[in-house]
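Proteins come first, then strands; the chains are lettered A, B, ... in the order of their sequence lines, and each starts at number 1.
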There are 2 protein chains.
Amino acid sequence: MSARTTRANGRASRRQILDAAAEIASECGYQGTSISAVSKRSGLPNSSIYWHFANKEDLFTAIINDSYEQWCDELAASRNSANGDGHNFEHLYAKLGQFPDFIRLGLIMTLERPPEGGDAARQRFLEIRRESLENLRTALLSDYPDLGEPQANALAAMTLSQLDGSFVAAMAGETALTPRVLSDAVHTLATSMSAGHAAHVE
Amino acid sequence: MSARTTRANGRASRRQILDAAAEIASECGYQGTSISAVSKRSGLPNSSIYWHFANKEDLFTAIINDSYEQWCDELAASRNSANGDGHNFEHLYAKLGQFPDFIRLGLIMTLERPPEGGDAARQRFLEIRRESLENLRTALLSDYPDLGEPQANALAAMTLSQLDGSFVAAMAGETALTPRVLSDAVHTLATSMSAGHAAHVE
DNA sequence: CCGTTATTGTATCGCTCATTCCAACTGGAA
DNA sequence: TTCCAGTTGGAATGAGCGATACAATAACGG
């Protein structure tokens, strides 16, 4: 009489599809990822993909959500295992250096015009971005209490875009930006913008 | 007896194709741009495109070169008309805010895996990036002579990636990053990394 | 005028795309 | 055993892709 439990095989297949699709999508973007390629890499037929996901757009939304969730879990785990003290930007930069799938895919989708007839996946990524921006803002205000509201907003935006930019730089094969250099820069700007240096943002 | 002058119509057509292709490509990326779409927007038939360019890859290389050249000309012109004094990062940031086609397209192509069988267009964009990085480096050293070589390298890389990142931020609809804020940040970092503050880069 | 060359128009190829259809199989519930 | 929902196999569909072939035109030099 209990609610029918979902078939174990079904969940496993969904996972296989998501893993395969995330790999391909983060390399090839939305337009460059074909359903048949996902089918081939996941080992499951075309029809299984369309049984688990309504269409390509729905699959991509799921990829972003799933990959983001995985990355958040990893971040939390590694933060707990290491020094559990306060916010550590160097740690964040280092973790991003592992190129989580959802960021590469999300950046491509941010830059590309959304496919006509639905842009749920892109919107979901932008939502994650806004959440991250807010997290950065509060983290900065907590680490640098002398920072004013407008300065914190500007610095959070700059930090996020610096993260995006260093991701691009890594993809371009440039190597000058280490996590250390980047986190030091945030510190320099934060202290400079605190207190008497308000001229940075009017 | 003079070398046969190229037909006027030919050059005009090439220009129409490049303009149409640049618009579409910067919005849709490599995979998302179809030859027939370029044909439709440029008003010229399919065969004309393949007469002017060897294939899709060749067309994209031409787009990047052409759009980059146009942008450089505009930058130089507006720099001459305004204050012709030294390097002005705020001016550069403002000019980039006009979203030149080659950057949006170049960023997409940097993030996407190159299409198999040739990645000339992407390589050309990466070459432009390296040139820009070098230009930034010498500009920084000229504006801040106390900056050491390694500091200038790191700061140039950070500035370039900051440019990329703020481009992404603009595409994501975020508005906190003004040219003024960004150029002030470069100044803060440059002065902080000059002279006695060498701890930033070891 | 002619002939040559540059460019366009149209049709077509073989292929892959996203999506759909449906028959087959699977495993628990009745 | 029977039944049925969940899931897979595999083929089909219609559209669009990049690219090519080739006749038709347009402009120029002679």
Does anything in residues 32-47 of chain B reach DNA chain C, meaning a heavy atom under 4.0 Å, and if so which residues? B:L44, B:P45, B:S47

Could you identify which residues of residues 48-61 of chain B place a heavy atom less than 4.0 Å from some atom of DNA chain C, listed by residue number, or say none? B:S48, B:W51, B:H52

A:R11 CZ - C:dT26 P separation (whole Å): 21 Å

All heavy atoms of A:R129 vs all of B:A172, minimum pair found to be NE-CB, 3.7 Å

Nearest non-hydrogen partners of A:T188 and B:S192, listed with the distance: CG2-OG, 3.4 Å

Among side-chain atoms of [X] and [Y], is any donor-acceptor pair under 3.5 angstrom?
{"X": "A:Q162", "Y": "B:S161", "result": "yes"}
{"X": "B:S67", "Y": "B:D101", "result": "no"}
{"X": "A:S78", "Y": "A:H91", "result": "yes"}

Would you say the side chain of B:T33 lies within less than 4.5 Å of the side chain of B:F60, judging by non-hydrogen atoms? yes

After noting the C-alpha distance and the side-chain angles of B:D143 and B:H187, does the key distance pass the side-chain contact (heavy atoms from CB on, under 4.5 Å) rule? CA-CA 10 Å; B:D143 284 9; B:H187 177 71; over 6 Å; no

Check: A:E57 side chain, A:A120 main-chain N or O, donor-acceptor pair, under 3.5 Å: yes

